[in-house]
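For reference, the structure discussed in these notes is given below.
Here the structure is a predicted model, which is why all the values come from computation and not from measurement. So that the names make sense, note that chain A is the first sequence line, chain B the second, and so on, each numbered from 1.
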Amino acid sequence: FLSSKFEDLFYKIRNRGRLSPGDLDEALREIRLALLEADVNFKVVKEFIERVRTNALGQNILESLSPSQQVIKIVNEEIIKILGSGSTDIIFAGRPPTIFMLAGLQGTGKTTATIKLANFIKNKYSRRTSVIAADIYRPAASIQLNDLAKHSGIEVFTASGKKPLEIVLEGVDSLKKGGNDVIIIDTAGRLQVDVEMMQELKDIKKHIKPHQVYLVLDAMTGQEAVNIAEKFNSEIEFDGIILTKIDSDTRGGAALSINHVTKKPIKFISTGEKTDEFEVFHADRIASRILG
Amino acid sequence: WNKFKKTNQDFWEEIEEQFILNDVSAATASDIIEEVKRKSLMENINDIEIIRHLLKEKIKNMLTPETAGDLKINVEDKPVVWMLVGVNGVGKTSTIAKLANYFKNIGTSVLLTAADTFRAAAYEQINHFAELLNLPIVHHQRHSDPGAVVYDSIEKAIAKNIDIVLIDTAGRMHTSYNLMEELKKIKKVINKKINREPDEILIVVDSTTGQNAKAQVAVFNEALSLTGIILTKTDGTSKGGVLLTISNEMKIPVKFITSGEKIDNISNFDPANFTEMLFS
Ligand SMILES: Nc1nc2c(ncn2[C@@H]2O[C@H](COP(=O)(O)OP(=O)(O)OP(=O)(O)O)[C@@H](O)[C@H]2O)c(=O)[nH]1
Ligand SMILES: Nc1nc2c(ncn2[C@@H]2O[C@H](COP(=O)(O)OP(=O)(O)OP(=O)(O)O)[C@@H](O)[C@H]2O)c(=O)[nH]1
Ligand SMILES: [Mg+2]
Ligand SMILES: [Mg+2]
């Protein structure tokens with residue numbers, strides 16, 4: 001919708017010939033509103049618009065015969081540059097097992113993503129994958145993971161009556177002995193400001209030393225996405241992000257904000273409830289959504 | 001607030017920034033600011049405290065079409081039927097448990113309905129609460145028709161003279177035509193069985209959600225005619241400012257707020273409290 005709004009704006013200008021600085025300001029205002037509506041963080045938008053302005057003037061946009069196309073092109077390139085700056089490769093451990101840990105706020109899709117990631121790795125890399133149910137708080141959490149795991153032929157480790165750290169230590173030991181190449185740990189949802197719960201995550205990371213920690217983030221997250229990601233990053237440092245519920249019509253601006261601020265790559269996106277609705281992240285797909 | 005002894009452009013920009021950072025849409029933020037700005041110019045108001053008061057009053061008015069979780073149950077109309085809907089992972093099942101606990105504590109008889117027949121361990125999750133609270137629950141086996149579960153549940157409530165039926169539904173995206181049709185079908189089952197519309201159709205909205213909440217509420221409302229909104233996870237750092245736009249434009253009342261994972265972390269929506277949170 002941004003492009004069509006732009007077309008109206010610049011159609012008027014095109015007939016006048018060249019773009020005035022005032023016209024550029026108006027165009028940037030439109031872009032700013034579109035990005036905010038897309039849930040891109042306020043402060044990220046501010047920096048972003050300034051960069052686009054500098055870029056546009058640097059490319060002599062005021063002399064251009066097709067300023068609208070040029071500005072949109074610059075905005076699109078800048079977004080892709082931010083989103084695409086990381087690698088989406090999975091980094092496996094030198095010696096198995098490779099241990100992944102998934103973390104994030106309540107309800108973002110961690111348990112579902114645990115199975116999706118396991119399934120993806122199993123199919124694409126032909127490695128024997130397994131999962132650990134380390135959420136002892138949510139009612140029926142281990143049943144949920146067990147159910148999903150059985151359905152996909154993935155080995156699952158659960159243990160009742162134990163603390164999450166004990167479960168993970170025991171689970172890694174048992175699954176490793178069972179010949180699994182990959183172990184993925186599903187953790188309970190938690191607030192980034194819950195000191196005790198964040199400490200639990202830190203303890204697991206400290207004792208288990210997972211090779212990859214992924215933040216599981218809901219694509220419809222609003223302005224707080226930056227604070228959430230920064231806090232998780234400063235507490236447990238994650239290696240990548242899994243962006244979920246892309247199948248809603250959310251513009252997904254949280255992705256841009258988080259990439260820009262944490263510099264961590266989005267590795268995967270979840271596009272639905274089914275186990276196979278999971279794919280490697282592609283910057284250009286998400287970039288076109290953000291712009292609307 | 002204290003660094004602006006007199007209002008000026010910087011002051012208004014700072015207000016706009018605070019609103020937007022709280023997920024109030026840019027358009028709604030500018031509407032609120034323009035209105036208060038105009039009023040303060042016309043009445044020559046320069047006192048920060050008065051401006052602040054005007055902003056809060058404006059916001060409270062936007063939030064109060066006719067709100068407040070009105071929890072009195074009309075015993076003439078037994079069973080009262082409430083249905084909870086919303087996108088995936090927002091807190092529907094947890095909130096049903098909290099409502100059940102509330103009603104049980106005030107002496108209202110409750111029947112739980114496990115109408116999420118799709119998701120893994122959906123029944124086990126809600127049944128945990130049914131057992132914890134010692135409440136009856138109706139469920140069918142996984143993948144059976146949710147409409148059939150609802151039909152059986154209301155039938156049982158009528159037979160057992162139960163005051164209120166609480167229906168938990170599967171999470172679904174408003175973008176899924178088929179799943180929205182399924183919800184409409186469930187509503188029709190209820191309408192036919194109790195000869196009136198469900199007493200409450202409440203959409204559960206997650207505080208961390210940004211502008212997409214508008215589309216969620218609009219589409220669910222179009223399909224079902226919502227009677228209210230429940231805002232969850234207010235114990236997190238997100239403020240749910242998108243509710244301002246939703247409340248103002250769609251006139252759907254916010255009825256409850258949940259603020260944590262314990263069973264008693266639910267309260268009536270209080271516009272004054274919500275407004276204070278937006279400004280802190
Ligand atoms: N539409 C859609 N639903 C999803 C997606 N990913 C997960 N879900 C659904 O979102 C809901 C929550 O998923 P879970 O995997 O239980 O989320 P979680 O993060 O483990 O939740 P907690 O453990 O309670 O913090 C479920 O209904 C999932 O089926 C997605 O990409 N699209
Ligand atoms: N911190 C916090 N967590 C909450 C709140 N309400 C729900 N949760 C958590 O959010 C997660 C999802 O809750 P559910 O009740 O399963 O959500 P749902 O809408 O039924 O999910 P689906 O049925 O999968 O669509 C769980 O981990 C809950 O404990 C709340 O008010 N605060
Ligand atoms: Mg989970
Ligand atoms: Mg549920």
Heavy-atom pairs under 4.5 Å with chain B, option from A:Gly253, A:Ala219, A:Gly109, A:Ser248 with the top count: A:Ser248

Top of A:Leu36, A:Thr111, A:Thr221, A:Leu148 for chain B proximity - count of heavy-atom pairs under 4.5 angstrom: A:Thr221

Axial cation check for A:Phe268 ring with A:Lys116, 6.0 Å and 45° limits: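 A:Lys116 over A:Phe268 ring: no.
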
Looking only at heavy atoms and a cut-off of under 4.5 Å, which of [options] has the most pairs with chain A?
{"options": "B:Lys214, B:Arg172, B:Glu17, B:Glu124", "answer": "B:Glu17"}
{"options": "B:Gly210, B:Ser25, B:Ser94", "answer": "B:Gly210"}
{"options": "B:Thr237, B:Val90, B:Thr209", "answer": "B:Thr237"}

Pairwise side-chain contact, A:Lys43 with B:Leu21, heavy-atom cut-off 4.5 Å (strictly under):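 Yes - at least one pair of side-chain heavy atoms lies under 4.5 Å apart.
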
Student check: side-chain heavy atoms of B:Asp116 and B:Thr93 closer than 4.5 Å: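 No, every pair of side-chain atoms sits at 4.5 Å or beyond.
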
B:Phe269 ring center near B:Phe274 ring center (under 6.0 Å):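 Yes - the distance between ring centres of B:Phe269 and B:Phe274 falls below the 6.0 Å cut-off.
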
Contacting region of B:Asp235 [heavy-atom separation from chain A under 4.5 Å]: both

With only heavy atoms counted, which part of [X] is less than 4.5 Å from chain B, the side chain, the backbone, both or neither?
{"X": "A:Asn146", "answer": "neither"}
{"X": "A:Leu191", "answer": "side chain"}
{"X": "A:Leu105", "answer": "side chain"}

Pair A:Glu277, A:Thr271: side-chain N/O donor-acceptor within cut-off below 3.5 Å: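 A:Thr271 and A:Glu277 do not have a side-chain donor-acceptor pair below 3.5 Å.
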
Partners passing side chain to side chain donor-acceptor pair (under 3.5 Å) against B:Thr208 (at least two apart in sequence or in another chain):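 Applying side chain to side chain donor-acceptor pair (under 3.5 Å) to B:Thr208 gives B:Asp206.
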
